[in-house]
J.: 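I'd like to ask some things about the structure below.
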There are 2 protein chains.
Amino acid sequence: MSTKALRKEEEESLLRRADDLCRQNNLRLTPIRERVYRELVQSGGPVGAYDLVDRLSNEKKRLAPVTIYRALDFLRDAGLVHRLATQNSYVISHGQPDVNAMKIMFVDSKTGETIEVHSTEVAEAVRKAAEQAGFKSVSPFMEVEGEIAH
Amino acid sequence: MSTKALRKEEEESLLRRADDLCRQNNLRLTPIRERVYRELVQSGGPVGAYDLVDRLSNEKKRLAPVTIYRALDFLRDAGLVHRLATQNSYVISHGQPDVNAMKIMFVDSKTGETIEVHSTEVAEAVRKAAEQAGFKSVSPFMEVEGEIAH
DNA sequence: CCGGTTTTAGTACGTTATTACGTAAGATAG
DNA sequence: CTATCTTACGTAATAACGTACTAAAACCGG
């Protein structure tokens with residue numbers, strides 16, 4: 001089976017999962033929202049909001065930035081997409097919602113490539129550090145810059 | 001001793017430390033750079049670049065954003081200041097440079113307050129997770145959003 | 001003092017994100 | 001069905017954040 005086919009299957013799987021998630025939570029995955037999500041899935045990595053504007057626009061219709069930002073806000077609230085603050089870009093959230101794990105997004109400082117890893121060990125260590133510092137209810141998501149080992 | 005006096009002492013201590021660090025590394029803590037650093041110290045928390053522009057400007061002279069950004073770049077390179085990507089703001093770096101520790105900046109999602117914690121345990125757990133994912137030379141700095149336990 | 005480097009300065013510009021306001025489409029109660 | 005309420009989308013303008021480029025002044029080693 002070709003890589004392309006694999007990605008196509010994975011793509012559809014992600015879209016079905018997103019659809020199910022929205023249905024279960026009474027959220028509406030409208031055409032624009034789905035197109036934004038699909039574009040992020042297909043890109044295979046982080047994409048900037050204005051880049052999404054370009055990709056989802058055509059000669060007939062040019063989308064406004066705010067349209068994209070609204071879709072991104074929705075997808076983020078639904079937990080389908082993460083914002084990479086260090087990159088000013090957006091990327092799909094892989095992985096099933098494991099409440100106890102920290103979702104670490106490793107970001108290659110040079111290429112911008114990302115790899116998402118879930119770790120309960122990191123979650124536990126961070127929770128402990130937070131407790132010492134008087135912090136609570138820590139976000140289950142963090143970004144770490146580094147370099148892909150090629 | 002009053003809180004104010006304590007902070008004043010701490011302030012001077014941080015400035016001396018910054019001064020020493022620059023002297024030792026042949027870096028020049030010029031007036032603008034020192035004013036930016038001092039402002040960050042006095043604020044006691046993260047401050048945006050344009051906020052710094054306002055605070056360090058007066059009727060006679062209005063600084064350009066680029067002036068502040070240059071000073072911030074210098075201070076960041078020197079390790080005296082961190083950029084909080086999630087907040088688009090800048091905050092002084094506490095603590096001594098322990099190579100093995102992860103510098104975690106806990107950011108209160110509501111107030112923007114920050115607490116810096118160094119943890120070798122988190123560093124180790126992250127390093128392990130990175131290794132699994134094929135990552136290396138991970139940044140010793142990360143941001144975690146949460147809430148201060150009051 | 002000279003010549004190279006670093007620092008400051010200023011304008012303009014590019015990129016990212018939000019606000020404000022109006023309209024349309026969908027759900028819901030009467 | 002229709003009046004109403006909510007949610008989503010369209011449009012325009014603007015705010016907020018950051019950089020490129022150019023030029024002049026300050027610093028420093030020889």
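Just the heavy atoms: all of them, side chains too, but no hydrogens, waters or symmetry mates, feed the values below. The sequence lines fix the lettering, A, B, ..., with proteins before strands; numbering per chain opens at 1. Small disclaimer: the values here were computed from a predicted structure and weren't measured.
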J.: Distance check: side-chain N/O of A/Y69 vs OP1/OP2 of C/dT15, anything under 4.0 Å?
T.: no
J.: Show the distances under 3.5 angstrom between N or O atoms of the protein and N or O atoms of nucleotides 21-30 of chain D.
T.:
unit_1, atom_1, unit_2, atom_2, d
D/dC27, O3', B/R28, NH1, 2.9

J.: Does the C/dG14 base have a donor-acceptor partner in the side chain of A/Y50 within less than 3.5 Å?
T.: no
J.: The criterion is side chain to side chain donor-acceptor pair (under 3.5 Å); which residues satisfy it with B/N88, sequence neighbours excluded?
T.: none
J.: Answer yes or no: does a side-chain N or O of A/T30 lie under 4.0 Å from OP1 or OP2 of D/dC9?
T.: yes
J.: Which residues satisfy the salt bridge (Lys or Arg N to Asp or Glu O under 4.0 Å) test with B/R23, sequence neighbours excluded?
T.: B/D19
J.: I'd like to check the side chain to side chain donor-acceptor pair (under 3.5 Å) partners of B/E12; sequence neighbours left out, ordered by chain and number.
T.: none
J.: Whether A/N88 contacts C/dA17 is assessed here as follows: a side-chain N or O lying under 4.0 Å from the phosphate OP1 or OP2. Is that the case?
T.: yes
J.: Categorize A/R62 for me: base, sugar-phosphate, or nothing, with a 4.0 angstrom heavy-atom threshold over every strand shown.
T.: nothing
J.: Please check the phosphate of D/dT11 (OP1 and OP2 only) for any side-chain N or O of A/K61 closer than 4.0 Å.
T.: yes
J.: Please give the angle, rounded to 10 degrees, between the axes at the start and the end of the helix from C/dC1-D/dG30 to C/dG30-D/dC1, where five pairs define each axis.
T.: 30°
J.: Between B/F141 and B/H82 (judged by ring centroids, cut-off 6.0 Å), do the two rings come close enough to count as a pair?
T.: yes
J.: What contact category does B/I32 fall into here, base, sugar-phosphate, or nothing, at under 4.0 angstrom with non-hydrogen atoms?
T.: sugar-phosphate
J.: Within residues 19-27 of chain B, find the residues that approach DNA chain C with a heavy atom at under 4.0 Å, and present them sorted by residue number.
T.: none
